[in-house]
Amino acid sequence: MDIKLVLGDHSSLYSFARGESVLSAVEKSFPEQKRSIVAARVEGSLVDLTTVPSSEGTIELVTTGSREGLEILRHSASHIMAEAIKELYPDAKLAIGPAIDSGFYYDIDMARTLAPDDLGVIEEKMHEITQRGEHFVRRDVPIAEAVQLFKEQGDQYKVEILSEIPATTVSLYTQGAFTDLCRGPHIPSTGYLKHFKLLSIAGAYWRGDEKNKMLQRIYGTAFPSKEELAGFITAREEAAKRDHRKLGQQLDLFSIQEQAGPGLVFWHPKGAIVRKEIEDFWRAEHIKRGYEFVYTPHIANLELWKTSGHWGFYQQNMYSPLQVDEEQYMLKPMNCPFHILIYKSQVRSYRDLPLRWAELGTVYRYEKSGVLHGLLRVRGFTQDDAHLFVRPDQLNDEVKGVLDFTRHMIETFGFTKYNIYLSTRPEHSVGSDENWEMATEALRVALTEMQLPYKIDPGEGVFYGPKIDVKLVDAIGREWQGPTVQVDFNLPERFDVTYIGEDGKEHRPIMLHRVVLGSMERFFGTLIEQYAGAFPVWLAPVQVEVVPITDVQEEYAARVADRLSARGIRAKVDTRREKMQAKIRDAELQKVPYIAVVGAREASADAVAVRKRHEGDQGAMQVDEFLEKVLEDIRTKVIFS
RNA sequence: GCCGACGUAGCUCAGCUGGUAGAGCGGUUGAUUUGUAAUCAACUGGUCACCCGUUCAAUUCGGGUCGUCGGCUCCA
């Protein structure tokens, strides 16, 4: 039987003997790569290499160089880890153990609580298993038989999984004395796994539901080569250096103080100036786009929050009421009801719409203690909020306008790592089907017309309307929701918001909630990680550090700094009794974009010796020329490392 | 909130099996006057997160609280 084996660009025609497996053909056809070939694709589906072909055709070989191949390797690694755990701790009950983006994990339920030191022990056992070279053997069995098997083993989680599988047969994979329920495919033998590392232990609820038992999850990773594994470890260490919490401390940007409480941010002068620059830019861009600004209070009567529905739907995120005279007041978790009150302060005509009202509104939300994370998840934050009141016929254009605005912001700040999601109608929601359809369509059309690549997040919309989320990715690859546009039919309804149409009758506007940055805190946090603390000149807390070589040049240095300051440049003179080298080092560590060194030569020539961050000495330059260069960098918002 | 780990000087960290703590950086003072990533010296600095307990004695052992970190779940 002749079958074509395809491996990347290469192919080979192979004649299979009766009962011969793909694996044996691979060993003969591609002896060089046999260790990296882990599975095969037959008629579109992935199968084990141990498969014996039953008809002629083409078989595509899958290597660990591909996404799928790597996943197979890692998934197999999780099985090997499970086998090791079962050997070490026979009472362990296994839940699920999938491959994930960065490796794999397995959730385990057992009496012993694992300590970090145990990872080494488990790893050791895994090495032992890989050296045994146990074959992964697949067996398709009737579901009842599988249930029986796992019941006998006391694997109640597997039994529970099986009870929800609709098929009549399932596949089991056995390596050595260990059998697991699995779709497969797997690597042919445990010997294929060579380069792996267990990374951490964490708690995880069974099926991610906090009502269920907390299991122990072990994270690990595996790679085809030693170099790739080492590269992954180094990349993790590098990412840790970009962590905004670490940089926030080192660069004196912000702090979160135990004395004041968790999740509450203190912006230090250097962080505050960056925020001020962001806000100035934000305001200017809003004016260009026809927005107006509003300011609203931080607290409001509980009745308002009952009207808005927050008291009902959002109470678990709101702080307890404050007693004011005989009334109860709430700290605001959102700005929307306030903007609505401004809207309702007078009768609005169809000619007034769209109204676009923006506010840097500080809100407070209760977040569970375990989810707080530096600046990325806090309890008090300032949203760069805006609400648009639009007529139905304006919805499309307004959504597009917001997306264009968002894109402009993301591009200006140089974000390269983000994902866009369109979230559709959730199970529990308000509003008519027609409204939902129209709004979802408006969002979809806007995304398409703007040529923004996005994924659908089914059922993840807010109860009052669909939304588009832009999720920014942090240094270690976690996603955080930043910019978002949400369509809302609910609040206009609840507050009976209207405008008078051409027909002289009352009509209901649609409301858009949107943020183009997210919140100042979260945006700043991701921004720090994006730049690794090396802000572009326009944002840098100190833009120019003037370094006099000896104290003889201090007066000249001060004059240079004054000239820069007079043009709005943030310049500072380092007058410490230190050697120039030490001053340069500190300025570099503080990631100051320009260092202007002044010695006797420069002082006598109205010049500065310019040093650019990370690039070193740029040579001497007239002060005026340097000044214009810095202003140009600020004006163009140029980004350099 | 839940599971686990962690909490020592402003910062980064040492401190073995209980005998009330150290280093480097920083800060202050003095000396040095220097050409592109750390000049030298002296001094300064800690209720060992907090509370309770065990003990003759607790930074060290046990319990609790608070906070941080990694996850789970949730959101800007």
Side-chain angles (χ1 to χ4, degrees), chain A residues 105 107 113-118 199-219 240 243 245-246 249-250 252 256-263 314 316-317 333-334 361 363 365-379 381-385 460 462 469-472 476 478-484 486 513-523 525-526 547-554 576-589 595-602 609-612 614-620:
Chain A
Y105 68 79
D107 284 349
T113 47
L114 292 164
D117 286 348
D118 294 324
L199 301 169
S200 61
I201 306 167
Y205 296 108
W206 167 234
R207 313 209 129 167
D209 187 336
E210 61 186 326
K211 289 188 209 70
N212 289 338
K213 183 163 186 187
M214 175 72 67
L215 309 175
Q216 302 191 65
R217 175 174 295 180
I218 301 178
Y219 283 95
D243 191 312
R245 292 166 299 186
K246 202 177 175 81
Q249 160 88 277
Q250 282 167 2
D252 193 19
I256 291 167
Q257 312 252 358
E258 188 172 345
Q259 235 187 316
Y314 206 70
Q316 70 283 359
N317 283 292
M334 294 190 190
V363 298
R365 298 183 186 173
Y366 172 73
E367 295 284 352
K368 290 178 183 176
S369 61
V371 304
L372 299 173
H373 184 91
L375 291 180
L376 300 182
R377 164 153 275 110
V378 295
R379 285 180 173 165
F381 56 98
T382 301
Q383 290 185 301
D384 65 303
D385 214 355
E460 286 301 306
V462 201
D469 288 330
V470 178
K471 297 192 180 180
L472 304 171
I476 60 171
R478 291 179 290 208
E479 285 189 341
W480 300 90
Q481 187 181 316
T484 177
Q486 312 185 347
H513 306 247
R514 56 103 271 200
V515 288
V516 289
L517 303 175
S519 70
M520 299 316 293
E521 287 75 9
R522 182 174 285 178
F523 189 74
T526 50
V547 171
I549 294 178
T550 77
D551 55 9
V552 179
Q553 288 88 38
E554 272 182 20
R576 290 134 76 218
R577 293 277 75 82
E578 286 291 345
K579 284 179 72 176
M580 173 192 69
Q581 282 86 340
K583 295 178 183 179
I584 287 171
R585 179 170 191 273
D586 290 342
E588 285 277 357
L589 289 176
I595 299 171
V597 177
V598 294
R601 288 204 297 272
E602 288 75 22
V610 177
R611 190 188 157 102
K612 198 170 176 183
H614 300 339
E615 286 179 30
D617 196 356
Q618 308 285 298

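Keep in mind the model is a prediction, meaning the values are calculated, not measured. Protein chains get the first letters and strands the later ones, always in sequence-line order, with residue 1 at the start of each.
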| query | At under 4.0 Å between heavy atoms, what does Glu258(A) touch on the DNA or RNA strands: base, sugar-phosphate, or nothing? | reply | base
| query | Quick check: does any side chain N or O of Arg522(A) sit under 3.5 Å from a backbone N or O of Leu376(A), one acting as donor and the other as acceptor? | reply | yes
| task | Give one of base, sugar-phosphate or nothing for Glu602(A), where a contact means two heavy atoms less than 4.0 Å apart. | result | base
| request: Give one of base, sugar-phosphate or nothing for Ala600(A), where a contact means two heavy atoms less than 4.0 Å apart. | output: base
| request: Check every strand shown and say whether Arg514(A) touches a base, only sugar-phosphate, or nothing at a heavy-atom separation below 4.0 Å. | output: nothing
| message | So Arg217(A), base contact, sugar-phosphate only, or nothing? Heavy-atom distance under 4.0 Å. | response | sugar-phosphate
| query | Is Asp243(A) salt-bridged to Arg245(A), cutoff N-O under 4.0 Å? | reply | yes
| request: Please determine if a side-chain N or O atom of Arg245(A) lies less than 4.0 Å away from the OP1 or OP2 oxygen of rG70(B). | output: yes
| field | Whole angstrom value for the distance that separates P of rA37(B) from CD1 of Ile595(A) | value | 9 Å
| Looking across every strand, which nucleic acid part, if any, lies under 4.0 Å from Gly482(A) by heavy atom: base, sugar-phosphate, or nothing? | sugar-phosphate
| field | Consecutive-pair stems (3 or more, Watson-Crick or G-U, under 3.5 Å) for RNA chain B | value | B:1-7 with B:66-72, B:10-13 with B:22-25, B:26-31 with B:39-44, B:49-53 with B:61-65
| Heavy atoms under 4.0 Å, any strand shown: does Ala587(A) hit a base, just sugar-phosphate, or nothing? | nothing
| Is the phosphate of rG71(B), meaning OP1 or OP2, less than 4.0 Å from a side-chain N or O of Tyr205(A)? | no
| query | Within the structure shown, what part of the strands sits under 4.0 Å from Gly203(A) by heavy-atom distance: base, sugar-phosphate, or nothing? | reply | base
| Checking all strands, does Val547(A) fall into the base, sugar-phosphate, or nothing category for heavy-atom contacts under 4.0 angstrom? | nothing
| message | So that I can tick it off, tell me whether Glu578(A) and Arg585(A) are bridged by a salt bridge, with the cut-off set at under 4.0 angstrom between side-chain N and carboxylate O. | response | no
| said: Within the 4.0 Å heavy-atom criterion, would you say Glu588(A) contacts the bases, only the backbone, or no part of the nucleic acid? | reply: base
| task | Would you mind classifying the nucleic acid contact of Glu367(A) as base, sugar-phosphate or nothing, using non-hydrogen atoms under 4.0 angstrom? | result | base
